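Just so it is clear, the structure is predicted and the values come from calculations on it, not from any experiment. We count ligands from 1, going down the list as the structure has it; atoms in each ligand are counted the same way. If you read the sequence from its start, that first residue is 1, and numbering goes on from there.
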Amino acid sequence: MRPSFRCLQVLHSASPRAKSVSFIGLGHMGREMAFNLFSKQLALEPETSRFVVCDAIPEAAQAFQRNFEIHFPGSKITIAKTPAEAALASQTVITMLPSSPHVQQVYTQPDSGILPALRTLSEEQAEDSLFIDSTTLDVRVAQDVAELVARTGGQMVDAPVSGGVVGAKAGTLSFLVGGTEEAYHLASPLLARMGQRIIHCGPSGSGLAAKICNNLVLGIQQIAISEAMLLGQGLGLDPAVLAGVVNSSTGNCWASNTNNPVPGALPEKSPPCERDYEGGFATALMLKDLGLASSIAKARNSPLPLGEVAEKIYAQVIDSNESLIRKDFSSVYLHLRDQMERR
Ligand code: NAD
């Protein structure tokens, strides 16, 4: 029989394993999120908090450990060699990985994965385990993994984020959560240490569904703004004047008022285009998210005429100039400008 929510909360605070939190995936987002989570947890329970980190690149885990221990001397950070080790050490595990294959590997890989480890624990220990996956990945893959976790008695939520590296560092992320009420309530206090808004979107997979739909809108809007800014300049408009008009008119959107792709268009802000398109949301990640949207739309027979074209355009951005893979996706503007110049 499954324990009640109240019972889970008690289990969650009683055992030594309960005091430990593992974070797997210390890339651009994960290392900032883990830093906020661990430092806030440490402030709450300085004597008993234990932390475990794990990354496929051992240097990433070592660099995190070094940096955290410089900021918090005496803190206890252990490096797990495998996700299995991380899951055995902590009853709460957060994963922040690139995409579906990585999540599948981390959870299901024989021997080194989380699920095989979970199956070696006592029924009680497995049942009081909580998994929070903040990766943006395929909805069905996430639901399958959550179902496998549920079969062990553990709890899992998908909790993808909005807010980028800047939001991860500032602790202002929005979390879009999919899972049961119980799992959402268990995950919320931890998510609140890494973000400002925590939205329960519905059952397992719903957080990802919301994230994918939002990024579908964003990817299309960034292309539309790039087209308009290019055309407007061609018609003799100053970029700052045009951006000012759009941002106070019906074309207003984040892609224009915060992430405008033209240097000088937002004199009081500093979007990635002012730093040669560095430090934003990578074109490769936007392409991945549009791929997730088109694949789930196909499976659901939901038409995606603009989304499919947007996906092709971001693929062309990368094909035509490999250096734009890691640059902010607003660099689609550079791609369109190159096309115009070649005509
Ligand atoms: P990243 O590539 O910088 O980091 C991923 C980390 O996971 C890397 O350190 C990598 O070594 C590690 N990893 C990969 N496979 C692993 C494995 N099998 N075991 C352990 N570690 C493994 O990616 P990121 O920018 O931090 O993004 C993470 C997720 O967040 C992605 O799904 C992305 O779409 C989403 N996201 C990113 C941003 C952003 O601005 N970067 C914004 C919102 C959402």
Side-chain angles (χ1 to χ4, degrees), residues 22-36 52-65 67 79-87 93-117 131-139 141-142 145 158-170 172-176 191 194-195 197 207-208 210-216 218-219 222 254 258-259 271-272 277-293 314 325-331:
S22 291
F23 204 109
I24 304 176
L26 302 158
H28 292 94
M29 297 291 288
R31 59 178 169 247
E32 305 296 351
M33 293 164 67
F35 192 94
N36 278 325
V52 178
V53 289
C54 175
D55 196 286
I57 302 170
E59 293 76 24
Q62 288 153 8
F64 181 89
Q65 184 190 42
N67 182 42
I79 297 177
K81 286 198 202 76
T82 62
E85 268 186 36
V93 179
I94 296 146
T95 42
M96 188 52 161
L97 299 159
S99 196
S100 310
H102 314 83
V103 170
Q104 268 169 329
Q105 188 185 21
V106 161
Y107 279 86
T108 65
Q109 178 111 326
D111 301 330
S112 63
I114 288 173
L115 278 154
F131 299 90
I132 299 173
D133 182 33
S134 284
T135 311
T136 306
L137 75 156
D138 185 88
V139 175
V141 172
V145 171
D158 46 292
V161 302
S162 176
V165 178
V166 173
K169 199 176 176 109
T172 56
L173 292 170
S174 294
F175 286 94
L176 314 173
L191 299 179
M194 299 180 277
R197 295 183 72 217
L208 280 163
K211 167 75 184 169
I212 289 167
C213 289
N214 178 70
N215 278 19
L216 170 64
L218 177 62
Q222 197 67 64
W254 185 89
T258 304
N259 210 44
Y277 301 86
E278 293 291 346
F281 183 61
T283 308
L285 289 179
M286 178 49 83
L287 179 59
K288 177 197 75 164
D289 290 358
L290 289 172
L292 293 173
Y314 287 108
I325 291 180
R326 297 263 148 231
K327 303 252 184 192
D328 185 70
F329 71 114
S330 62
S331 60

Checklist entry - What's the shortest heavy-atom distance between Glu85 and Ile79, and which atoms? => result OE1-O, 4.3 Å

Item to check | For Tyr277, all residues meeting ring-ring contact (aromatic ring centres under 6.0 Å, His included), sequence neighbours excluded | outcome: none

Checklist entry - Which residues pass the ring-ring contact (aromatic ring centres under 6.0 Å, His included) test with Phe175, sequence neighbours left out? => result none

Checklist outcome for this item: Out of Cys54, Pro98, Gly113, the nearest non-hydrogen contact to atom 5 (C) of ligand 1 is supplied by Pro98

Show the atoms of ligand 1 that are less than 4.0 angstrom away from any heavy atom in [X].
{"X": "Leu97", "value": "7 (O), 13 (N), 16 (C), 21 (N), 22 (C), 28 (C), 29 (C), 31 (C), 32 (O)"}
{"X": "Lys288", "value": "31 (C), 32 (O), 33 (C), 34 (O)"}
{"X": "Thr135", "value": "32 (O)"}
{"X": "Gly25", "value": "7 (O)"}
{"X": "His102", "value": "15 (N)"}
{"X": "Leu26", "value": "9 (O)"}
{"X": "Val106", "value": "17 (C), 18 (N), 19 (N)"}
{"X": "Val161", "value": "43 (C), 44 (C)"}

Item to check | Side chain, backbone, both or neither: the part of Thr136 lying under 4.0 Å from ligand 1 by heavy atom | outcome: both

Next on the checklist: Just to be sure I read this right, does ligand 1 sit under 4.0 Å from the backbone of Gln105, its side chain, both, or neither, counting only heavy atoms?
Outcome noted: side chain

Checklist entry - Between Phe329 and Phe281, how do the two ring planes meet: parallel, tilted or perpendicular, split at 30° and 60°? => result perpendicular

Quick one: [atom1] on [X] to [atom2] on [Y], what's the gap to the nearest 0.5 Å?
{"X": "Gln62", "Y": "Asn67", "atom1": "CD", "atom2": "CG", "result": "13.5 Å"}
{"X": "Ile114", "Y": "Gln105", "atom1": "CD1", "atom2": "CD", "result": "11.5 Å"}
{"X": "Gln109", "Y": "Thr82", "atom1": "CD", "atom2": "OG1", "result": "10.0 Å"}
{"X": "Lys288", "Y": "Ile212", "atom1": "NZ", "atom2": "CD1", "result": "8.5 Å"}

Next on the checklist: Return the closest protein heavy atom for atom 3 (O) of ligand 1 as residue, atom name and distance.
Outcome noted: His28 ND1, 2.7 Å

Checklist outcome for this item: the protein heavy atom lying closest to atom 40 (O) of ligand 1 turns out to be Phe281 CD1, 3.5 Å

Checklist entry - Heavy atoms of the protein only: does one fall short of 4.0 Å from atom 23 (O) of ligand 1? => result no

Next on the checklist: Tell me whether His102 at atom NE2 has more than 12 heavy atoms from other residues, nucleotides or ligands lying less than 6.0 Å away.
Outcome noted: yes

